[in-house]
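Lettering of chains follows the sequences in order, A, B, ..., and the numbering in each one begins at 1.
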2 protein chains.
Amino acid sequence: MNLKISRVMGKDVNITRKEICADKPTVNKIIEAAIPLFATKGLAAVSVKELADAAGVNIALISYYFGGKDNLYAFVLENQLSILREAIDAISKEEISAVKKLRCFADILLVTNKKNPYIDRLFFTEVFNPTKYFDHLVKSAARHAHYFLQGCIEDAQSNGEFRADIDSDLAAMSLLKILNVSFTAQDLFKELMPSKQDIAAEYMSQAIEIYLTGVAKRP
Amino acid sequence: MNLKISRVMGKDVNITRKEICADKPTVNKIIEAAIPLFATKGLAAVSVKELADAAGVNIALISYYFGGKDNLYAFVLENQLSILREAIDAISKEEISAVKKLRCFADILLVTNKKNPYIDRLFFTEVFNPTKYFDHLVKSAARHAHYFLQGCIEDAQSNGEFRADIDSDLAAMSLLKILNVSFTAQDLFKELMPSKQDIAAEYMSQAIEIYLTGVAKRP
DNA sequence: GTCTATATTGCGATAGAC
DNA sequence: GTCTATCGCAATATAGAC
């Protein structure tokens, strides 16, 4: 396979990062540099020169490999969202209780966040300021996450673990919001609570605890 | 007072929207058009032409009145955040219980959101993708909201209404996230739950209920 | 106050040398 | 595969007429 990625991108987006980058150090450097830039500033606020400088490569190589800034963004977005998708699918297959699945999801978000700290920031950036890629790349990921959470909540209601009087659609939405890690990791909060060692982990642990208590069926 | 706003901006940012715009229809049109554009696309993704077209005014008038796109953005941001600030201050002064204050805050967010649906979207856009105005205009608003929520939580813990074993800093953070209205109002969720009449109101009502149950001291 | 026309800059993409 | 030079374009701000 010696097609350019830009060509490949046009035909099939479902190519994992590893496949492409194993033996392509330049492509890899560009992607690694692009993820935090796009996640922290958004597509429009990042220039090609900025991407190239951050990656330590020549500015022309962005177009050479990806066919332009927008295509690179689309690739990064799809690539990162697929990690989220895979995590959800993996949990769905497990033969554990619905509540366990939710706890497991929170754990995985936290662990994934250590290695890929920008997945949910890219996601929420798109939710608050959608680009032309929102409908094609983000909507499906949002639905996927929503249905997973909603399914867990309804299962837990059937089991009698959760209260029957909560709306699973709305509850899935509040859960999605409360579980967002990247928000928690902002410098802003590091300043607000300088004593905390690992805000994300401490936050997640307490947040899921409060939530599960709030929706639990009382004896 | 017949100074240009751009001049005024440089000297004193604490000018309310009403004061300036009462007798200035053009200025008012520009601001009204700019709020949703900046909130939904972000500073970098909005062009001056786009702003002028949306306002129905000549493109040169943006610079004439505000001294450029960035200054207009700064004005809009400060203007909208001040509404949030005033709401918090008003509740703080009330002689009601901490839990009532939290419920009241949720209500006010909801009501405010009907008239000014873009306040928290501007806020969260800045949190996820900070611009050069973040430190100066947004940080203080975030601290203000955080300390308000944290204070309510600690008061409720002292009163014995909330559990003593939760961390008020982390709890304030989860509450700030869960109370965000603009996220809830995204088209995405309207599609996911088409049967809901007023997602924001229904969401808020359930979310605050779950949260307060989760942190309540149990008998 | 509002408009047209223009100056200027910076960006993104590409051609072509190496 | 990488680099330099450059083309074309879009965007912002401004000068000056009305």
Side-chain angles (χ1 to χ4, degrees), chain A residues 1-10 19-34 37-38 40-77 129 131-133, chain B residues 1-10 19-34 37-38 40-77 129 131-133:
Chain A
M1 194 220 278
N2 44 14
L3 281 168
K4 285 186 193 172
I5 293 168
S6 57
R7 287 265 192 79
V8 179
M9 279 287 294
E19 263 182 70
I20 289 172
C21 310
D23 56 342
K24 306 221 180 196
T26 302
V27 169
N28 210 27
K29 274 192 288 181
I30 293 171
I31 294 169
E32 294 297 336
L37 277 173
F38 283 137
T40 55
K41 305 179 83 177
L43 171 58
V46 179
S47 71
V48 176
K49 184 174 169 5
E50 210 174 346
L51 289 161
D53 287 351
V57 303
N58 188 277
I59 190 170
L61 295 177
I62 308 276
S63 287
Y64 178 72
Y65 281 114
F66 293 92
K69 184 179 82 162
D70 286 18
N71 277 337
L72 170 58
Y73 177 76
F75 179 81
V76 163
L77 189 60
N129 304 132
T131 68
K132 59 182 168 179
Y133 299 108
Chain B
M1 193 220 280
N2 43 15
L3 282 170
K4 287 186 193 172
I5 294 169
S6 57
R7 286 265 192 80
V8 179
M9 278 288 295
E19 265 183 68
I20 289 172
C21 309
D23 56 342
K24 307 220 180 196
T26 303
V27 170
N28 210 28
K29 274 193 286 181
I30 293 171
I31 294 169
E32 294 298 336
L37 277 173
F38 283 138
T40 55
K41 305 179 81 176
L43 172 58
V46 180
S47 71
V48 176
K49 182 172 171 9
E50 210 174 347
L51 288 161
D53 287 352
V57 304
N58 188 277
I59 189 170
L61 295 176
I62 308 276
S63 287
Y64 177 72
Y65 281 115
F66 293 92
K69 183 179 82 161
D70 286 19
N71 277 338
L72 170 58
Y73 177 75
F75 179 80
V76 163
L77 188 60
N129 303 132
T131 67
K132 60 182 168 179
Y133 299 107

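- The structure places CZ of Phe38(B) at 10.0 Å from CG of Leu77(B), a figure rounded to the nearest 0.5 Å.
- Residues Ile31(B) and Phe66(B) meet the side-chain proximity criterion, which asks for heavy atoms closer than 4.5 Å.
- Lys49(B) meets the side chain to side chain contact (heavy atoms under 4.5 Å, CB included) test with Ser47(B), Asp53(B), Ile59(B); sequence neighbours excluded.
- Annotation: salt bridge (Lys or Arg N to Asp or Glu O under 4.0 Å) contacts of Lys69(A) (sequence neighbours excluded): none.
- In this view, Thr40(B) and Tyr118(B), Arg121(B) satisfy the side chain to side chain contact (heavy atoms under 4.5 Å, CB included) rule, not counting sequence neighbours.
- Taken to the nearest 0.5 Å, the CD1 atom of Ile62(A) stands 11.5 Å off from the CG atom of Asn71(A).
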Give every pair of a protein N or O atom and an N or O atom of nucleotides 11-13 of chain C that lie under 3.5 Å apart, one pair per line with the distance.
residue : atom : partner  : partner atom : Å
dG12(C) : OP1  : Lys69(A) : NZ           : 3.2
dG12(C) : OP2  : Val48(A) : N            : 2.8
dA13(C) : OP2  : Lys69(A) : N            : 3.2

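- Ala54(B) is linked by a side chain to side chain contact (heavy atoms under 4.5 Å, CB included) to Ala33(B), Leu37(B), counting only residues two or more places apart in sequence or in another chain.
- Extent of DNA chain D lying under 4.0 Å from chain B heavy atoms, first and last nucleotide in 5' to 3' order, is dT12(D) to dT14(D).
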